[in-house]
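In each ligand, atom 1 is the first atom listed, and ligand 1 is the first ligand listed. Along the sequence shown, the residues carry numbers beginning at 1. Both backbone and side-chain heavy atoms feed into the values below; hydrogens, waters and symmetry mates do not.
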Amino acid sequence: MERGTDIARAAAALAAGGLVAFPTETVYGLGADAAREDAVARIFAAKGRPRAHPLIVHLAPGARLDDWAIDIPDVARRLAAAAWPGPLTIILAKSPRVAAATTGGARTVGLRVPAHPLAQQLLAAFGGGVAAPSANRFGAVSPTTADHVAADLGDRVDYLLDGGACDVGVESTIVDLSRGHPVLLRPGGMPREAIEAIAGPLAGADLAAPAAPGTLASHYAPRARVVAVPAEGLAAAIAAETGRIGVLAPRALEVEPAPDVVVRAVPDDDAGMARELYAALRDLDAAGVDVVIAALPPAAGLGEAVGDRLRRASGPRDPRS
Ligand code: TXA
Ligand code: MG
């Protein structure tokens, strides 16, 4: 795998039907030409991801929604104007130019204009839509540094665009605007409050909707078992565990030192916690802990996404992961 900051090389790899890992403000993506079935098929193979799970199409600033979607409601235009570039993915009825493999056969497509300068330069140089899931093996924790990507995918990637650590740290918020009323499919880097100020109240995801990767209980999970508890319950949860224990908690929470307890402190504010969440889970895995006990933040702002990921990481595991 080649790694660096060469936009022209990365864009050429995409044009040749290859795979390019690239930084976004949320997490690193594993990109391929969204219009090419063969290129998109390589993403699913590299990730070990089931083909029915749809990919987000990333667009350069200034791209036209009408080139990628049809039946676009006014609220989608208002949200896109306010949130892009940024950590928001909008689901709309797809235009025929989006490859069927990209949407896993669905009639809708997820669209997003990322804010990271390297992502924007890559998209501008390539000139088309780039289908990209998070650049990790299926079911694992998303990568927020180039080293994370190299550790997870290594030679499965043709070019790794190195942009350092991601700013937001959790994936984009996903809002479905294809159903007549806005539905929050995944809390993420754009807080619910900011979206609701523009789009009105967001409905919760319909449990009858087809399963997507972000909705699987075992998703976003490190190797260690995860227990997510409110901050007040942290000490009791630590006392109840045996073996090597990792603690993921805001700095302000004092954790009693003990021989078998490894503490990975994260910033106290919701944005700081989101930024370091996945690196902290990877650090604790690397420290060889059996269990991670994580303090749940208040559900406001980015705390909703952090709590969502911690709860999913603590859910029942798929035997494959
Ligand atoms: O921040 C992000 O969103 C990152 C960066 C790379 O942009 N991408 C990302 O992609 O997290 P991925 O594939 O790991 O998660 C995308 C989620 C999946 O749960 C997928 O099912 C959902 O978006 N999704 C994509 N297209 C969809 C569609 N047409 N309908 C419903 N869900 C969709
Ligand atoms: Mg993912």
Side-chain angles (χ1 to χ4, degrees), residues 19-32 34 40 43-44 46-59 68-70 83-95 98-116 118-120 122-123 129-144 148-149 152-153 161 163 166-179 183-190 205-206 209-221 274 278 302 305 308-309 312-313 321:
L19 296 185
V20 172
F22 63 98
T24 81
E25 75 279 29
T26 59
V27 302
Y28 274 72
L30 177 63
V40 169
I43 293 179
F44 290 94
K47 275 190 69 106
R49 169 157 158 166
R51 279 163 179 267
H53 290 165
L55 306 176
I56 295 169
V57 176
H58 296 71
L59 305 173
W68 301 94
I70 56 170
W84 288 348
L88 175 72
T89 296
I90 295 175
I91 308 287
L92 294 167
K94 88 174 197 66
S95 104
V98 180
T102 296
T103 67
R107 53 155 210 99
T108 56
V109 61
L111 299 172
R112 161 164 131 78
V113 176
H116 196 290
L118 285 185
Q120 295 186 351
L122 175 67
L123 288 160
V130 172
S134 52
N136 51 280
R137 294 280 291 169
F138 180 63
V141 173
S142 292
T144 53
H148 294 165
V149 177
D152 279 7
L153 297 174
L161 200 51
C166 300
D167 246 21
V168 175
V170 291
E171 301 83 350
S172 61
T173 306
I174 305 180
V175 177
D176 189 345
L177 297 173
S178 74
R179 307 189 195 184
V183 177
L184 180 66
L185 295 186
R186 176 176 76 181
M190 183 168 181
D206 175 3
T215 66
L216 291 181
S218 66
H219 227 62
Y220 309 103
Y278 290 143
L302 289 188
D308 171 78
R309 303 306 188 273
R312 289 185 199 287
S321 66

Does some non-hydrogen atom of [X] fall short of 4.0 Å from ligand 1?
X	value
Thr103	no
His53	no
Arg49	yes

Evaluate the side-chain proximity of [Y] to [X]: yes if any heavy-atom separation is below 4.5 Å, no if none is.
X	Y	answer
Val57	Lys94	no
Leu111	Trp84	yes
Tyr278	Arg309	yes
Arg107	Ser178	yes
Arg137	Leu153	yes

Does only the side chain of [X] get under 4.0 Å from ligand 1, or the backbone, or both, or neither? Count heavy atoms.
X	value
Thr108	both
Lys94	neither
Val109	backbone
Ala106	neither

What atoms of ligand 1 come within less than 4.0 Å of a heavy atom belonging to [X]?
X	answer
Gly29	6 (C)
Ile174	17 (C), 22 (C), 23 (O)
Val27	4 (C)

Between Ser142 and Glu171: side-chain donor-acceptor atoms closer than 3.5 Å =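 There is such a pair between these side chains.
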
Approximate separation, where rounding is to 0.5 Å, of [X] [atom1] and [Y] [atom2]:
X	Y	atom1	atom2	answer
Leu185	Asp176	CG	CG	5.0 Å
Ile91	Ile56	CD1	CD1	7.0 Å
Ile43	Arg49	CD1	CZ	8.5 Å

Please confirm whether Thr26 comes within less than 3.5 Å of ligand 1 when only nitrogen or oxygen atoms on both sides are compared.
->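 Yes, Thr26 has an N/O under 3.5 Å of an N/O on ligand 1.
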
Give yes if a backbone or side-chain nitrogen or oxygen of Ser134 is under 3.5 Å from a nitrogen or oxygen of ligand 1, and no if not.
->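 Min N/O separation from ligand 1 is below 3.5 Å for Ser134.
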
Give the single entry among His58, Arg186, Arg107, Glu25 that approaches atom 11 (O) of ligand 1 most closely by any heavy atom.
->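 Minimum heavy-atom distance to atom 11 (O) of ligand 1 goes to Arg186.
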
With a cut-off of 2.8 Å, does Ser134 place any N/O/S atom under that distance from the Mg ion (ligand 2)?
->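 Yes - counting backbone and side chain alike, Ser134 has an N, O or S atom under 2.8 Å.
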
